[in-house]
Amino acid sequence: MTFEMPDFWLALPEMFVLGMACFILVLDLFLPEERRGISYFLAQITVIGAFVSSLWVAPAGVQTTFDGMFVSDPLGTFLKLAIYVLTAGVFLYSRGYLRDRALYKGEYYVLGLFGMLGMMVIVSASSLLTIYLGLELFSLSLYAMVAFDRDSLRASEAAMKYFVLSALASGTLLYGLSLLYGLTGSLEMSQVAQFAGGHAGEHYAFVFALAFVLVGVAFKFGASPFHMWIPDVYHGAPTSVTLYLGAAPKVAAFAMAMRLLVDTLGPLQASWGPMLVVLAVLSLAVGNVVAIAQTNIKRMLAYSTISHMGFLLLGLLAGTRTGYSAALFYAVVYALMSLAAFGVVILLSRAGFEAERLGDFKGLNERSPWFAFMMLVAMFSMAGVPPTAGFYAKLAVLAAVIDVHQTWLAVVAVFFSLIGAFYYLRVVKLMYFDAPADPEPLTARLDLRVALSANGLLLLGLGIYPGLLMGWCLAALH
Amino acid sequence: MTFELFIFYLFAAVLVFAALRVVTVRNPVHAVLFLVLAFFSSAALWLLLEAEFLALVLVLVYVGAVMVLFLFVVMMLDINVAVLREGFTRYLPVGLLVGLAIVAEMGLVLVRYFVLPPGSAPKPVGPDFSNTRMLGDLLYTHYVYPFEIAAAILLVAIVAAIALTLRRRPGTKHQDPAAQIAVRRRDRVRLVRMDAEKKPE
């Protein structure tokens, strides 16, 4: 038997994160309660180290190692960098929140890092086996994080629902992957793609497998009609975990769609395109219309996630390079918007008080004009008002859809965005034109204030100069 | 039909029957026992595929360890079956309808279009072939990356289970053997000097 030594160098970021996560896990056992900050700082150092090492080891072209199970390419590097930035942001935002609620434990950071590792594995998977394992690693960490506040009945219920539904979706995905293996005799994505392109005869069997794979992917996106878990989980989980769920996993879901639909089943684009049309239109409709009826901000943002995922799928279904890069841009910008919006929710919460109801945003302008403005930017960005990043993201997706002569889809998307604008603007109205129920000025730690301001300004900056990020997105998909 | 094929169909039939009974039987303990039967029959099928090591591991690990633990848990928990079964008959027709539709659709596609790639049928190997050795060779070379990720998944499962269930209750009564061993006489016994008789005042 011949065996080629794998190039471990390419997987340096993964090995570093795994090693550090294990180190923090053990070290945390010996830390007294008041030194818990050390775990936090080590977790941040891990994320920064992964960022640096990913940049360092990134090859110029596409390289695979571990017998074709691991791929390192520009798309993977870009997605990983985005995931690091988002995860670091989540850790930073949630620190004060966790401390106020007796949730400030090392396990939160360990599970967060393992979740990030799972996302990294998904991003650089080039075999059906690794993408599935990455997905499981990432989901398993998330289930535990959702249930982290174990005395809260709502959190346990949310975790249970998430676990059962997600296990079902994983099973469906696994069934689809096993059919692909049965048809092609290979787990390697490039070989499956080659086989699918060359065997038009078994076309229907491939479409059959594709349907199952697509269900799994749509569940991870939370695209309608596989969105049932999103509102309950977003609502039930501690806000710091909702923050985590809403940010980096969207980028990972995009990576999963790119690897499975484009890299593996690219030759079947004519089949999955129409399927994505159904998912996208349903998500836009359900997300935007149902969000209007919500009085809880976390639930409202959950439905808004569903509608944004509809937009993201529009970019994917165009099936062109501009479409993919528009979807990638949308994924990154959406994650930043979600980080900012949930960041303000965390900012408003204090020990023993969750700023969950829309009413809690009343008169925010009088309490803190600057953070009311940051929330305004996040809401305008989600609604797609220029000059925010959300506007440009929507524009790029719509342009890609019109390029492939699906103008009606663009019209539908704009129509539902207009409906959606109502509930984003309602938050703005509450902040600026209503009297505050609780006139106390806001108090927050310096790091949270600085990070939140940077996040809001970034959304504005990316709206005014979208070219830089868009250029990276295009280069990543070269 | 060869004898091998006969054995295959026999164990396959037992497997399907047992799997069906796991979800339909009333008593949870019986359900666990049927699951044991299902594992055992699939182990027999793996033996027919010449995957002897995996078949033995399935019996040893799953039947021997995991299912015994399951049985313990099921017997210790007081599961009220009646509550679990509430609404079963109400949802049964819809479930059956959807299930049958899916099976029919899947059958229509798979029977006509599913073709295995040529040359993919496994060939019988000689008596010298050791698939335990083969597994070891593959697991730690070609599959080393997925193997390590699987290890990380198990670690996360342990961390999650402990983080979610371990509670430190103040004031619980437990023994500390080290402290018990290190105890000295003077920690426990206090000699008090007393006069045998009360002094007259």
Side-chain angles (χ1 to χ4, degrees), chain A residues 1-6 11 14-15 18 21-22 25 65-70 105-108 110-111 114-115 117-118 121 125 127 129-130 132-134 136-141 143-145 147-148 150 156 159 179 182-187 195 199 201-209 211, chain B residues 84 95 98-99 101-123 125 129-170:
Chain A
M1 203 173 79
T2 59
F3 169 61
E4 196 188 329
M5 201 62 184
E14 277 83 359
M15 292 192 286
L18 178 61
C22 294
L25 180 66
T65 178
F66 290 111
D67 282 290
M69 298 209 179
F70 181 98
K105 296 191 188 112
E107 283 89 0
Y108 176 84
V110 171
L111 288 171
F114 272 116
L117 179 65
V121 171
S127 149
L129 183 62
T130 32
Y132 178 73
L133 286 172
E136 284 302 296
L137 179 57
F138 149 72
S139 314
L140 209 59
S141 315
Y143 306 145
M145 285 173 85
F148 206 66
R150 55 194 186 184
S156 311
L179 280 170
L183 280 165
T184 60
S186 172
L187 283 170
F195 202 93
H199 288 69
E202 293 113 350
H203 183 69
Y204 285 102
F206 273 105
V207 176
F208 184 76
Chain B
L84 284 179
V98 173
I102 292 178
V103 168
E105 283 169 4
M106 283 167 58
L108 281 177
V109 177
L110 290 184
V111 169
R112 274 181 66 190
Y113 298 103
F114 192 86
V115 187
L116 284 175
S120 64
K123 293 172 193 66
V125 287
F129 183 82
S130 156
N131 68 47
T132 315
R133 190 200 165 87
M134 195 72 195
L135 263 176
D137 272 353
L138 278 176
L139 210 53
Y140 301 113
T141 54
H142 289 275
Y143 290 94
V144 68
Y145 182 60
F147 183 73
E148 292 298 332
I149 303 170
I153 290 177
L154 290 179
L155 181 62
V156 169
I158 297 170
V159 173
I162 293 176
L164 294 182
T165 53
L166 184 71
R167 282 163 199 272
R168 283 205 189 84
R169 288 202 188 88

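Each chain gets a letter, A, B and so on, in the order its sequence line appears, and its residues count up from 1.
A pairwise comparison of heavy atoms in B:Ala163 and A:Arg150 identifies O-NH1, 2.9 Å as the closest pair. Residue B:His142 comes nearest to A:Met69 through the heavy atom pair O-CE, 3.8 Å, listed as atom of the first residue, atom of the second, then distance. Contact record, B:Ile153 with A:Glu136: CD1-CB, 3.9 Å, taken as the closest heavy-atom pair.
Here the OG1 atom belonging to B:Thr141 is positioned 10.0 Å from the CE atom belonging to A:Met5, to the nearest 0.5 angstrom. A distance of 9.0 Å separates CZ of A:Phe70 from CD1 of B:Ile149, quoted to the nearest 0.5 Å.
Contact annotation for A:Leu111: only side-chain heavy atoms (C-beta onward) come within less than 4.5 Å of a heavy atom of chain B. Both the backbone and the side chain of A:Leu179 come within less than 4.5 Å of a heavy atom of chain B. For a residue to count as touching a neighbouring chain, one of its non-hydrogen atoms must lie under 4.5 Å from one of that chain's; by this rule B:Leu110 touches chain A with the side chain only. Residue B:Ala157 touches chain A through both its backbone and its side chain, counting heavy-atom pairs closer than 4.5 Å. The contact between B:Leu155 and chain A is made entirely by side chain atoms (from C-beta outward), counting heavy-atom distances below 4.5 Å.
Ranked by non-hydrogen atom pairs under 4.5 Å with chain B, the options A:Leu18, A:Leu129, A:Leu117 are led by A:Leu129. In terms of heavy-atom pairs under 4.5 Å with chain A, the best-connected choice from B:Ile162, B:Val156, B:Thr165, B:Val159 is B:Val156.
Other residues, nucleotides and ligands place more than 12 heavy atoms under 6.0 Å from the OH atom of A:Tyr132.
In this view, A:Phe208 and A:Phe212 satisfy the ring pair (Phe, Tyr, Trp, His ring centres under 6.0 Å) rule, not counting sequence neighbours.
Of the listed residues (A:Val121, A:Leu133, A:Thr65, A:Asp67), just one forms a side chain to side chain contact (heavy atoms under 4.5 Å, CB included) with B:Tyr145, and that residue is A:Val121.
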